[in-house]
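Step one of this worksheet: look at the structure below.
Counting convention: from 1, in listed order, for ligands and their atoms alike.
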Amino acid sequence: MARAMNASIVSPTPARIADAVNLLRSGGLVAMPTETVYGLAANAADGEAVARLYAAKGRPSFNPLIAHVANLEMAKTQGVFSERALALANAFWPGPLTLVVDLAPDATVSELARAGLPSLAIRTPAHPVAQALLTAFGAPLVAPSANPSGQISPTTAQHVAADMADRIDLILDGGACSAGMESTIIDARGECPALLRPGSLDPADIERHWPNLTRPALDHTAPQSPGQLLRHYAPQARLRLNASGSIDGEAYLGFGDQAATLNLSPSGDLTEAAANLFAMLRALDKNHDRIAVAPIPTQGLGEAINDRLTRAAKPE
Ligand code: TXA
Ligand code: MG
């Protein structure tokens, strides 16, 4: 089907949610807000729609997608959950936790969306607009972050429009994402949970339910989470990390009580810093070639923030 794409930003009224469902049923691509970042949704069972999604992002097709479901019941039609995986889902869904589980025998998520893997990454988002869309659609939606592959994830509808409007069908506006950083990905298949991607759920919260979280060293020839590529989340500007101040006209992205071009959290709060990270990188990237970034503590959500900064700072 030929598509004249120039997606507009719409308010997520029931009528617009119904439009979005119709677009998805006919193979379209709809940007939806989640509590982490904006996702670009497609019908998980429709291989052609998924192929269009990979093309719109310029994403390598060896990098599988996360299936988004309305609830645990829908999740169980797609994945096999161990008792411990169930405990995590019960504790944190809906919310910013993605579980990698074995694929269920009758799963409908297309082979392309899984990049051919026998496992499935799956989560139930908490954002009311994502919930409304999934409930109305009634089946899983795959949704990578709604940005061109390798660039900064979007945390507002305007970010999505700036990057992707010419290649998608509709953008549902749910305001700024509250967490602002992608979900935490846990491989829940073995005896011990494995942290595949630090994200906006603190690993310490996971360990309260299932101790002995492992952090498998990333093997870049066969990464456990294929999206954990070295250069990712990257602005155009060059980043200099752990900088105590700016030199030679660099912009300074601060943290804590200090003078800065922009400050991730003047009070030194890591949750606030995570929520601001991508939007502030985008804002500085508009007017600066070089950005110096303050040191960020490594505990709690600082692990995810440092992960994103390290990938964003890798030279091309
Ligand atoms: O917060 C989020 O997770 C957002 C929102 C939109 O839900 N989505 C998101 O999707 O960040 P994406 O596509 O940008 O990142 C998905 C990550 C990739 O690193 C991918 O390699 C990994 O999930 N992944 C997907 N399926 C996997 C699997 N079966 N095993 C291991 N990693 C997997
Ligand atoms: Mg992404």
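Contact analysis leaves Arg114 out of contact with ligand 1, as no non-hydrogen atom separation drops below 4.0 angstrom. Ligand 1 has Ser119 within reach: a non-hydrogen atom of the residue lies less than 4.0 Å from it. The shortest heavy-atom distance from Met32 to ligand 1 is not under 4.0 Å.
Proximity to Ser183 (heavy-atom distance under 4.0 Å) selects the following atoms of ligand 1: 1 (O), 2 (C), 3 (O). With ligand atoms numbered from 1 in the order given, ligand 1 contributes 25 (C), 26 (N), 27 (C), 29 (N) to contacts under 4.0 Å with heavy atoms of Ala121. Counting atoms of ligand 1 from 1 in the listed order, those under 4.0 Å from a heavy atom of Ala143 are 6 (C), 8 (N), 10 (O). Less than 4.0 angstrom separates some heavy atom of Ser145 from each of these atoms of ligand 1: 8 (N), 9 (C), 10 (O), 12 (P), 14 (O). In summary, the atoms of ligand 1 found under 4.0 Å from a heavy atom of Thr36, numbered by their order in the structure, are 1 (O), 2 (C), 4 (C), 5 (C). Distances below 4.0 Å separate heavy atoms of Gly39 from the following atoms of ligand 1: 6 (C).
No part of His232 comes within 4.0 Å of ligand 1, judged by heavy-atom distances. Using a 4.0 Å cut-off between heavy atoms, Pro144 contacts ligand 1 through both its backbone and its side chain. Only the side chain of Ile185 comes within contact range of ligand 1, with a heavy atom under 4.0 Å; no backbone atom does.
Below 3.5 Å of separation, one finds no N or O of Thr34 facing any N or O of ligand 1. Between Lys57 and ligand 1, a contact under 3.5 Å exists for no N or O pair. The shortest N or O to N or O distance between Arg123 and ligand 1 is under 3.5 Å.
Here Ile206 contributes atom CD1 and Phe92 contributes atom CZ; the two are 6.0 Å apart, rounded to the nearest 0.5 Å. Atom CG in Leu172 sits 9.5 Å away from atom CZ in Arg16 (nearest 0.5 Å). Of the inter-residue distances, the one linking Met181 atom CE with Thr271 atom OG1 reads 10.5 Å to the nearest 0.5 angstrom. Rounding to the nearest 0.5 Å gives a distance of 9.0 Å between CG of Asp169 and CG of Leu40. For the atom pair Leu97 CG and Ile122 CD1, the distance stands at 11.5 Å (nearest 0.5 Å).
Taking both residues in full, the closest heavy atoms of Asn263 and Asn276 are given as O-ND2, 4.4 Å, listed atom of the first, atom of the second, then distance.
Between atom 24 (N) of ligand 1 and the options Pro64, Ala179, Pro96, the minimum heavy-atom separation is to Pro64. Atom 15 (O) of ligand 1 has its nearest heavy-atom neighbour, among Glu35, Glu182, Arg197, in Arg197.
Among the backbone and side-chain atoms of Asn147, none of the N, O or S atoms lies under 2.8 Å from the Mg ion (ligand 2).
Side-chain atoms of Ser145 and Asn147 include a donor-acceptor pair closer than 3.5 Å. For Ser200 and Glu182, the side-chain atoms include no donor-acceptor pair closer than 3.5 Å. Looking only at atom types and distance, the side chain of Arg197 has a donor-acceptor partner in the side chain of Ser183 under 3.5 Å away.
Cation-pi check for Arg311 over Tyr233 is not met; the charged atom does not lie both under 6.0 angstrom from the ring centroid and within 45 degrees of its normal.
Salt bridge annotation for Arg123-Glu35: present, with a cationic side-chain nitrogen under 4.0 angstrom from a carboxylate oxygen.
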